[in-house]
Every structure is written in structure tokens, then in C-alpha cells.
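Lettering follows sequence order; numbering is per chain, from 1.
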Protein chains: 2
Amino acid sequence: MALDADEIAGTLAARGLRLTRQRHAVLDAVAEASSSVSPVQVFDAARERCPELGLTTVYRTLELLSEIGALRRVHGPDHCEAFMPAGAAHGHTVVCSACGRVAEFTECDMGAVVDAAVLQTGYRITEHFLQLSGECPTCGARTGQARGAAGGGA
Amino acid sequence: MALDADEIAGTLAARGLRLTRQRHAVLDAVAEASSSVSPVQVFDAARERCPELGLTTVYRTLELLSEIGALRRVHGPDHCEAFMPAGAAHGHTVVCSACGRVAEFTECDMGAVVDAAVLQTGYRITEHFLQLSGECPTCGARTGQARGAAGGGA
DNA sequence: ACACAACTGAAAACGGTTTTCACTTTCAGA
DNA sequence: TCTGAAAGTGAAAACCGTTTTCAGTTGTGT
Ligand SMILES: [Mn+2]
Ligand SMILES: [Mn+2]
Ligand SMILES: [Zn+2]
Ligand SMILES: [Zn+2]
């Protein structure tokens with residue numbers, strides 16, 4: 001995932017904040033991860049570039065980077081606090097239940113579902129949180145599952 | 001919400017488990033709540049019928065009742081562990097961002113979205129977790145918001 | 001050089017959840 | 001009816017992820 005460091009540095013600067021070495025390390029750690037990562041995972045990864053990094057700073061940075069929109073919070077039924085780079089477009093995520101790898105997709109036509117919800121509940125819907133899970137291509141191949149059709153599920 | 005105690009007792013019995021006074025109190029506490037409830041909220045409510053109830057038991061019971069499908073786990077971007085009675089039909093939930101009240105709805109035509117995800121990611125999708133949020137009718141009226149159209153959002 | 005705000009890590013505090021443990025209840029079988 | 005095993009329980013302790021505190025450092029503008 002992209003995550004242009006210069007652009008992020010700019011966004012921070014506009015608020016009088018800086019992209020420090022520690023923050024940069026955190027940013028890279030998330031950017032390089034092939035799946036969503038927990039704060040400790042970020043900590044471990046980022047420490048290899050920045051050994052003096054503290055876990056406190058990781059938490060603070062993940063929070064900060066989410067605020068400015070550089071990172072996206074991902075949380076499924078299980079782990080509730082994980083992060084991934086925020087893609088350019090609004091998207092949803094699919095988590096592999098076997099290996100945890102996360103992929104983004106951009107389809108966002110929730111119109112029908114949202115309409116039904118409005119009709120049935122009377123709520124005014126302003127946000128939706130959707131997360132699919134299943135098996136990534138790699139894990140699917142390893143376990144020899146048939147590929148193709150989409151399951152119904154939960 | 002219904003939550004037929006006898007039926008649940010039966011399901012438990014089939015596993016050699018019992019619907020004790022404490023479990024019954026927990027069950028009722030969730031059933032009577034107008035919104036999703038956290039473990040402590042259940043604890044407080046259930047204690048009025050069963051004063052000697054311990055928080056440990058509440059946790060154990062919520063877990064157990066979720067396992068047998070009597071309760072549904074609800075978690076939004078914020079609070080991650082809350083419970084509500086599982087309706088008969090498969091459904092999704094809408095949480096009011098103002099008051100926390102939860103409503104269920106049954107539309108589940110995720111076909112198009114899932115297809116798009118499969119196409120874009122190559123994952124085999126087996127489950128989906130969808131949670132909408134917005135404003136319930138009561139809160140909407142109180143804040144005088146226009147009603148009707150459904151928002152896009154995250 | 002100076003002042004000031006941003007930033008940091010270690011340690012402590014915190015809060016929700018799980019585990020441990022000694023004890024009670026329930027129930028099936030002798 | 002006794003008896004033993006398994007289910008169930010609450011208090012207390014342990015656990016674990018997160019947040020707060022605090023004293024010190026780094027960077028920036030003047
Ligand atoms: Mn969650
Ligand atoms: Mn569904
Ligand atoms: Zn996988
Ligand atoms: Zn409301």
C-alpha cells in the first residue's frame with residue numbers, strides 16, 4: 001500500500017505536528033504488513049528500525065495516524081483493534097480466517113440493504129461497517145478447497 | 001424479544017447443562033434490555049432478581065448463551081463486547097449512535113457486494129459481519145433531523 | 001543562545017476479562 | 001436414601017491490553 005510519507009508529513013505539519021523517526025517507523029510497519037496488524041505487532045516490526053521505540057508511542061501514533069486518515073481501523077468479530085493502511089478509495093475489507101491476511105475491495109453498493117434497514121427499523125442510517133471473512137487464495141489452495149461461488153454465511 | 005426459556009433450557013439439557021437461576025437471570029436481563037448490553041450492565045440488571053449473582057458467572061453465561069445461539073454478539077466501532085437476544089431469523093443490526101438502542105433487520109441480500117469482493121480479492125467468502133449505525137427514530141425526532149434518505153458513510 | 005511546544009519512554013495506573021480455587025448444587029446410579 | 005461424579009458458583013487473584021503520568025529530550029522559531 002502506498003502511504004506517501006511526504007504527504008503525511010505535510011498533513012501533520014499543517015497541524016504543527018511532525019513525522020518523527022518513531023512515527024515513520026510505525027507508519028512503515030503498517031504499510032509493509034501483508035495483513036492488518038495489532039499494536040504489538042507494529043511495535044515488534046517497527047522496533048527493528050527504531051530499537052528505542054516505546055509501546056506507548058506506538059499507541060499514540062496509531063491513534064494519530066488514524067485521525068488524519070492515513071490508517072484505517074480494522075476490527076472483526078475477534079480482534080478488535082488492528083490497523084491497516086487506508087487505501088485511496090473508500091473500501092471494505094476481507095479477512096482470511098486462516099492466515100489473517102486482509103484485502104480491500106471497493107464495491108460499496110449497500111443501497112438495497114440500507115433501504116431495507118431504514119424501512120424495517122425507522123433509523124436514519126449514516127454509517128456502515130462491513131467486514132467479510134473467508135479464505136484467501138493462498139490458504140484456499142493449500143487446503144484444496146473448491147474456488148468460485150460466494151458463500152452466504154453469518 | 002422472545003427468547004423462550006423452555007426452549008433454551010432444552011438446548012442446554014441436550015448438552016448436559018442446566019438453566020440455573022443465575023443463568024435465567026442473565027437471560028432475562030438481556031431479553032428485557034431495549035438496546036444491546038455490556039456484561040456489567042447485565043450484571044447490574046440481573047442482580048436485582050438474583051442478588052448473589054457474581055460477575056464471573058455473567059461472563060460465563062453470556063459466552064455460553066452465545067454459543068448455543070440464544071444471544072447475539074454486537075459490536076460497533078467503539079464498544080466491542082455487547083449482547084442482545086438473537087432474533088429468530090438471521091438478521092443484522094443497526095445501532096443508534098446517540099442512545100445505543102439496537103434494532104434488528106432481516107434483509108440480507110449481500111449477493112452483489114460479496115460477488116464484487118470475490119472478484120476483486122479472490123477470497124472465498126464464507127461470512128459477513130455487517131453493522132449499520134445512525135440515529136433511531138426517537139433520537140432523530142429529538143434533534144429534529146430530516147428523515148428518509150439513507151446515508152452512505154464508512 | 002533561548003524559550004516554548006512537540007515528543008518521547010519507563011513506570012504506574014487502569015479496567016475489562018479470564019483463571020484459580022474452594023465450595024455448593026444437582027442428578028444419576030447403587 | 002446414601003453416594004459419587006459432574007455441573008455450577010462467587011471471591012479473589014492473575015492477566016493483559018490500553019491509558020495516564022511524569023520527568024526528561026528533541027526540534028523549531030526567534
Ligand atoms: Mn469490535
Ligand atoms: Mn447476513
Ligand atoms: Zn489466508
Ligand atoms: Zn437513539
Shortest non-hydrogen contact between [X] and [Y], atoms and distance:
X       : Y       : value
B/Cys50 : B/Gln22 : SG-CG, 4.0 Å
A/Phe43 : A/Gly54 : CE1-C, 3.6 Å
A/Leu64 : A/Arg23 : CD2-CZ, 3.6 Å
B/Leu19 : B/Ala5  : CD2-O, 3.6 Å

So which protein N/O to nucleotides 17-21 of chain D N/O distances come out below 3.5 Å?
unit_1	atom_1	unit_2	atom_2	d
D/dT18	OP2	A/Tyr59	OH	2.0
D/dT18	O5'	A/Tyr59	OH	3.0

From [atom1] of [X] over to [atom2] of [N], roughly how many Å is that when rounded to an integer?
X       : N      : atom1 : atom2 : value
A/Glu52 : C/dT8  : CD    : P     : 10 Å
A/Leu17 : D/dT28 : CG    : P     : 12 Å
A/Arg21 : D/dG27 : CZ    : P     : 8 Å
B/Leu19 : C/dT26 : CG    : P     : 13 Å
B/Arg15 : C/dT26 : CZ    : C1'   : 19 Å
B/His24 : D/dG8  : NE2   : C1'   : 16 Å

ask   = Are there more than 12 heavy atoms of other residues, nucleotides or ligands under 6.0 Å from atom CD of B/Glu67?
value = yes
query = Taking side chain as C-beta onward, heavy atoms only, is A/Phe105 less than 4.5 Å from B/Val113?
reply = yes
task = Check every atom of D/dA6, D/dT26, D/dT9 against the side chain of B/Arg18 and return the nucleotide holding the closest atom.
result = D/dA6
task = Map B/Arg47 and B/Arg23 onto DNA chain D by nearest heavy atom, then report which one ends up closer to the 5' terminus.
result = B/Arg23
message = Is A/Thr20 close enough to C/dT8 that one of its side-chain N or O atoms is under 4.0 Å from OP1 or OP2 there?
response = yes
